[in-house]
Amino acid sequence: MMMQQLTEAPTQKNSLFNAMNRFIGAVNNMDQTIMVPSMLRDVPVEEEDQELSHLKTEEDDGDMYSHYQLLKSIRRDIEWGVRCAAADEKRKESMKITRMNSSASTSSSASSSSSSEEEDEEEDEDLKKQFQYHLTGLQGVLSKLTQQANCVTKRYKKEIGIGGWGQ
């Protein structure tokens with residue numbers, strides 16, 4: 001069986017798929033490099049670690065360990081999906097809104113077919129704009145998270161005295 005090598009074409013460089021792969025790769029590298037994660041406890045985020053200052057946790061410990069844990073959690077969510085009570089609750093709320101909107105659009109579609117076609121075109125355009133907006137935002141967030149994972153890895157190496165290795 002032949003292994004195909006995935007290469008990034010210039011047009012694919014900014015794809016969501018590649019952004020996710022870069023992030024997952026950076027977190028995997030971080031996870032493989034950091035053999036003793038507890039060493040990051042109480043290691044404060046320094047000014048040089050500006051990428052991490054934007055990453056807040058619920059506990060907001062502000063130490064490198066909390067950033068490490070959060071990055072691993074985000075990787076797990078990307079790989080396996082978000083499964084928690086809050087996500088289930090949001091999905092239920094979204095279903096209610098969707099049902100309300102669909103029943104409202106059903107009653108309005110009875111009024112005239114020409115206005116319905118115009119609404120469908122506007123809705124399709126709106127969905128496309130929403131998708132592009134969120135896709136751009138997600139790619140930006142993934143890029144920042146990738147930088148943060150690389151920063152945690154670099155900082156761990158510095159803490160254990162191998163700061164110049166493997167760079």
Side-chain angles (χ1 to χ4, degrees), residues 1-98 126-167:
M1 177 153 58
M2 285 182 32
M3 295 277 292
Q4 291 184 348
Q5 187 173 2
L6 221 72
T7 58
E8 284 186 32
T11 56
Q12 293 177 327
K13 182 179 178 198
N14 295 321
S15 78
L16 177 60
F17 183 73
N18 286 327
M20 288 189 316
N21 279 336
R22 283 189 294 270
F23 169 72
I24 290 170
V27 175
N28 287 344
N29 182 47
M30 176 187 78
D31 208 16
Q32 291 169 0
T33 302
I34 299 174
M35 296 298 198
V36 187
S38 61
M39 286 183 65
L40 294 171
R41 287 191 193 276
D42 302 323
V43 174
V45 176
E46 293 178 351
E47 287 179 20
E48 64 194 40
D49 302 322
Q50 271 185 324
E51 292 94 7
L52 293 176
S53 64
H54 302 294
L55 184 63
K56 302 287 183 194
T57 63
E58 289 172 11
E59 302 86 35
D60 201 24
D61 290 333
D63 67 1
M64 298 302 283
Y65 182 77
S66 63
H67 295 294
Y68 169 82
Q69 290 294 99
L70 184 60
L71 289 162
K72 284 183 58 171
S73 172
I74 292 170
R75 176 191 61 189
R76 186 175 49 251
D77 288 346
I78 288 174
E79 291 177 333
W80 299 101
V82 179
R83 299 296 312 159
C84 66
D88 289 340
E89 201 57 42
K90 285 181 182 177
R91 192 175 313 110
K92 287 177 189 173
E93 189 63 33
S94 172
M95 292 297 282
K96 288 178 190 174
I97 292 169
T98 303
D126 187 46
L127 287 174
K128 182 179 177 183
K129 286 179 183 176
Q130 286 179 22
F131 175 76
Q132 289 173 342
Y133 173 79
H134 289 292
L135 182 63
T136 301
L138 183 55
Q139 287 172 322
V141 169
L142 284 168
S143 177
K144 289 177 186 174
L145 289 170
T146 301
Q147 291 172 349
Q148 292 166 352
N150 291 333
C151 184
V152 170
T153 304
K154 182 177 163 185
R155 182 68 186 277
Y156 177 81
K157 288 179 176 181
K158 179 182 171 186
E159 287 297 314
I160 63 169
I162 60 169
W165 291 14
Q167 292 185 21

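Note that the structure is predicted; figures quoted are calculated from it, not measured. Note that the numbering runs from 1 along the sequence shown for the chain.
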Just checking, any donor-acceptor pair under 3.5 angstrom between side chains of [X] and [Y]?
{"X": "S66", "Y": "D63", "answer": "yes"}
{"X": "Q130", "Y": "D126", "answer": "yes"}
{"X": "Y65", "Y": "D42", "answer": "no"}

Would a 4.5 Å heavy-atom cut-off, applied to side chains only, mark [X] and [Y] as touching?
{"X": "M20", "Y": "L16", "value": "yes"}
{"X": "V27", "Y": "I74", "value": "no"}
{"X": "R22", "Y": "L142", "value": "no"}

message: Let's go through K72 and Y68 carefully: what are the C-alpha distance in whole Å and the side-chain angles of both, what is the deciding distance for side chain to side chain contact (heavy atoms under 4.5 Å, CB included) to 0.1 Å, and is it a yes or a no?
response: CA-CA 6 Å; K72 284 183 58 171; Y68 169 82; 3.4 Å; yes

Looking at [atom1] of [X] and [atom2] of [Y], how far apart are the two atoms once the value is rounded to the nearest 0.5 Å?
{"X": "M30", "Y": "Q148", "atom1": "CE", "atom2": "CD", "value": "10.5 Å"}
{"X": "F131", "Y": "T136", "atom1": "CZ", "atom2": "OG1", "value": "9.0 Å"}
{"X": "R75", "Y": "D31", "atom1": "CZ", "atom2": "CG", "value": "4.5 Å"}

Measure across [X] and [Y] and return the closest heavy-atom pair with its distance rounded to 0.1 Å.
{"X": "Y156", "Y": "L40", "result": "CD1-CD2, 3.9 Å"}
{"X": "T146", "Y": "A19", "result": "OG1-O, 4.4 Å"}
{"X": "I34", "Y": "P37", "result": "CG2-CA, 3.6 Å"}
{"X": "M64", "Y": "V152", "result": "CE-CA, 3.9 Å"}

query: What do the steps show when you test K154 against N150 for side chain to side chain contact (heavy atoms under 4.5 Å, CB included), and what is the final call?
result: CA-CA 6 Å; K154 182 177 163 185; N150 291 333; over 6 Å; no

field: side chain to side chain contact (heavy atoms under 4.5 Å, CB included) assessment of V36 paired with I160
entry: CA-CA 10 Å; V36 187; I160 63 169; over 6 Å; no

query: Where the side chain of T153 meets the backbone of A149, is there a donor-acceptor pair that is under 3.5 Å apart?
result: yes

